Amino acid sequence: MKVTIRITGEALSAYIPKKDLEEPIISVANEDLWGGSILLRNGWRLALPHLPQDTRLPVTVEANMRRH
């Protein structure tokens, strides 16, 4: 699914256009963010693709839903 990772205020958030849903990112499983997974406040865990660490936000990527 397409996900836009952006900074909202001082926190990261994920916007999912297909669901018209924006949720704060509450934890990052990989210190580098890219290539790891993120946990959204609603409980969804999304796997992000590998991108260069200097990738500027906001960025839209193809993420995969992970089951707990």
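Just so it is clear, the model here is predicted, and its values are computed rather than measured. Both backbone and side-chain heavy atoms feed into the values below; hydrogens, waters and symmetry mates do not. Residues: numbered from 1 along the sequence shown.
Separating the OG atom in S13 from the CZ atom in R41 is a distance of 10.0 Å, to the nearest 0.5 Å. Taken to the nearest 0.5 Å, the CD1 atom of I25 stands 11.0 Å off from the CZ atom of R6. Rounding to the nearest 0.5 angstrom, the gap separating the OG1 atom in T8 from the CG atom in L57 is 10.0 Å. Taking CG from L48 and OG from S37, the interatomic distance works out to 7.5 Å, rounded to the nearest 0.5 Å. Between atom CG of residue N42 and atom CD1 of residue I26 there is a gap of 8.5 Å, rounded to the nearest 0.5 Å.
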Test side chain to side chain contact (heavy atoms under 4.5 Å, CB included) on W44 and L21; report intermediate values, then the result.
CA-CA 12 Å; W44 292 3; L21 172 72; 3.8 Å; yes
Could you go through the side chain to side chain contact (heavy atoms under 4.5 Å, CB included) check for L46 and M65 one step at a time?
CA-CA 5 Å; L46 303 176; M65 181 82 84; 3.9 Å; yes
For side chain to side chain contact (heavy atoms under 4.5 Å, CB included), just list the numbers for T60 and V3, CA-CA rounded to whole Å, side-chain angles, deciding distance to a tenth of an Å, and then say yes or no.
CA-CA 5 Å; T60 301; V3 176; over 6 Å; no
Worked verdict on D20 versus Y15 for side chain to side chain contact (heavy atoms under 4.5 Å, CB included)
CA-CA 7 Å; D20 192 28; Y15 175 69; 3.0 Å; yes
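The two atoms that bring V28 and L33 nearest to each other are CG1-CA, 3.8 Å, heavy atoms only. G36 and N30 make their closest contact through CA-CB, 3.6 Å (heavy atoms, listed as atom of the first residue, atom of the second, distance). Contact record, P17 with K2: CD-O, 3.4 Å, taken as the closest heavy-atom pair. What you find for E62 and M1 is that their closest heavy atoms are OE2-N, 2.7 Å. Of all the heavy atoms in I5 and A14, the pair that sits closest is CD1-CB, 4.1 Å.
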